[in-house]
Each structure stands twice: as structure tokens, then as C-alpha cells.
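All ligand and atom numbering here is 1-based and tracks the order in the structure.
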Amino acid sequence: MAIRTKGYPDALDKKLRDTRLYSEDSNPEFTKKVEKISMTIPHMCYQCGTCTASCPSAPRSSYRIRKFVRRALLGLEEEALVDPDLWLCTTCYSCTDRCPRDIAPTDVIMAMRNVAFTRDIIPVNFLKTVQAIYTTGHGVPNNDVNRAAREKLGLPRDPPTTHGHPNYIKGIQYMLDYFELKKNADRIVKEREG
Ligand code: SF4
Ligand code: SF4
């Protein structure tokens, strides 16, 4: 997206931003990267809109999956990655079920989220989930209230997962360390929250 107000205050710059798309806004490498990670074929999209019509997030927000598939096809990396709507997909796969071109729009979104993370563009709640998994092996760990409820139900206080077998957490940590997920999650959370 070209900017014609260089040097103006940020708010004015944003307001007067040139919303036309230029050929230099397109990064063909982005298209290739998204296709490679998603293992689907956004270049086959003919913009029928079935995906957006199937999407439970669309009626409640400005999120339009069809638009993101278009961005993938045109290589509009900045447009796609800095758009907060990128994080509104629930990964329900309705769009993938119904696309007449056998595209998996859900996986296009997942690929874009992966690329966004490599640029530190990611909501903090995802990072906190990484931290929780690293420490406990669970995205939503057990807690004392649940333990008491489990006891009342005649269940063991902890389920037979990494909670009951904490020795397996090391393996999970090994995987997260291999992809440097925990390191990056800690760094970004610290930058955002101090
Ligand atoms: S349903 Fe498939 S072909 Fe139709 S707009 Fe969505 S991605 Fe494109
Ligand atoms: S997978 Fe995501 S984009 Fe597709 S219909 Fe569900 S919420 Fe919408």
C-alpha cells in the first residue's frame, strides 16, 4: 500500500493513506511461501464468495476470508499480515468443506499466521498458550478448583496426561525449543507487557 503523506503525523498519515493497490505492493514470494506452507492452491480461486458466505466470523466482524485468499493470490503481504482480522478465523473448516475449487482457505490463513509470527505479528494470547504448554504440557492447565471438582466426581485430582506424568513434559519442551517457540514467545510477551 503506497503512502503519499510521508512526514505527516501518524494519525493523519493513516487517514490519508492511499488505498489503491500498485504492482509494487505485490510480493510473489509471499504467494509462493503461503502456497508452500498451506499446501493448498489460492491461485485457483475465482472469488465466488462461498467461503465468506460459510464463515461464522464474517457476520460478526469485518473478517472476509475471500479477501485473504485474494491477498494470497496477489502477494499482498503487508495488507494480509498487518490486518487484525487475520486472527478472527475459528478454523472451523466450513470454507474448506465448500470451496468449489478445492482450495483450503483455512490453511491459507494458518500459513499467513505462521508468516506473521516470524515477523512478531501475533496476539499475546497465542504466546501465553505456548508458555502454558511449555510449563505444563497443556494449553489450558488443571487448577485447584477443577481438582476439587474432579475429586467430588470420584476422579483422580489430575488426569492421566502430563499432569499425572510430568516426566513427559521434557519431550514437549524439546519440540518447542527446537522451533524456538518458547524463546520467541517470552521475548514478545516481555516487549509488549514489560
Ligand atoms: S470458496 Fe474457494 S473459489 Fe470461492 S472465493 Fe472462496 S477460496 Fe475462492
Ligand atoms: S475456517 Fe475460518 S475462514 Fe473458514 S469458514 Fe471457518 S472461521 Fe471462516
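At least one N/O/S atom of Cys92, whether from backbone or side chain, sits less than 2.8 Å from atom 6 (Fe) of ligand 2. Taking 2.8 Å as the threshold, Cys55 counts as a candidate ligand of atom 8 (Fe) of ligand 2, since one of its N, O or S atoms lies below it. Atom 6 (Fe) of ligand 1 has an N, O or S atom of Cys51 under 2.8 Å away, backbone or side chain.
Near Thr106, with a cut-off below 4.0 Å to any heavy atom, the atoms of ligand 2 are 1 (S). Residue-ligand proximity, Gln47 to ligand 1, at heavy-atom distances under 4.0 Å covers atoms 5 (S), 8 (Fe). Contact atoms of ligand 1 toward Arg101: 3 (S) (distance under 4.0 Å to a heavy atom of the residue). Heavy-atom contacts of Tyr46 reach the following atoms of ligand 1: 3 (S) (cutoff under 4.0 Å). Set against the non-hydrogen atoms of Pro100, the atoms of ligand 1 under 4.0 Å away are 1 (S).
Contact of the Ile65 side chain with the Cys89 side chain is not registered, since no non-hydrogen atoms from C-beta on lie closer than 4.5 Å. Inter-residue side-chain proximity for Pro42 and Glu35 is flagged as met; some heavy-atom pair is nearer than 4.5 Å. Side-chain contact between Leu73 and Arg70 is present, with at least one heavy-atom pair separated by less than 4.5 Å.
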- Item | Worked check of salt bridge (charged side-chain N to carboxylate O under 4.0 Å, His left out) between Lys182 and Asp186 | CA-CA 6 Å; Lys182 172 69 164 36; Asp186 287 350; 2.8 Å; yes
- Item | Full working for side-chain hydrogen bond (donor to acceptor under 3.5 Å, both in side chains) between Tyr63 and Asp83 | CA-CA 9 Å; Tyr63 173 52; Asp83 185 342; over 6 Å; no
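Heavy atoms of Thr91 found under 4.0 angstrom from ligand 2 belong exclusively to the backbone. Residue Tyr63 touches ligand 2 through its side chain alone, judged by heavy-atom distances below 4.0 Å.
Lys33 pairs with exactly one of Asn27, Val115, Thr118 by the side-chain contact (heavy atoms from CB on, under 4.5 Å) rule, that one being Val115.
Remark: Glu151 does not engage Arg147 in a salt bridge, criterion side-chain N to carboxylate O under 4.0 Å.
Classified by interplanar angle (parallel below 30°, tilted 30° to 60°, perpendicular above 60°), the ring pair Trp87/Phe126 is perpendicular.
Here the heavy atom of the protein found nearest to atom 1 (S) of ligand 2 is Tyr93 N, 3.1 Å. What sits closest to atom 4 (Fe) of ligand 2 on the protein, heavy atoms only, is Cys95 SG, 2.2 Å. In this structure, the protein non-hydrogen atom closest to atom 8 (Fe) of ligand 1 is Cys45 SG, 2.4 Å. Protein heavy atom nearest atom 2 (Fe) of ligand 2, with residue, atom name and distance: Cys89 SG, 2.3 Å.
When the shell of 6.0 Å around CG of Asn167 is examined, it contains more than 12 heavy atoms from other residues, nucleotides or ligands.
Thr90 counts as a contact of ligand 2, since one of its heavy atoms falls under 4.0 Å from the ligand.
For the pair Thr31 (side chain) and Ala72 (backbone), a donor-acceptor distance under 3.5 Å is present.
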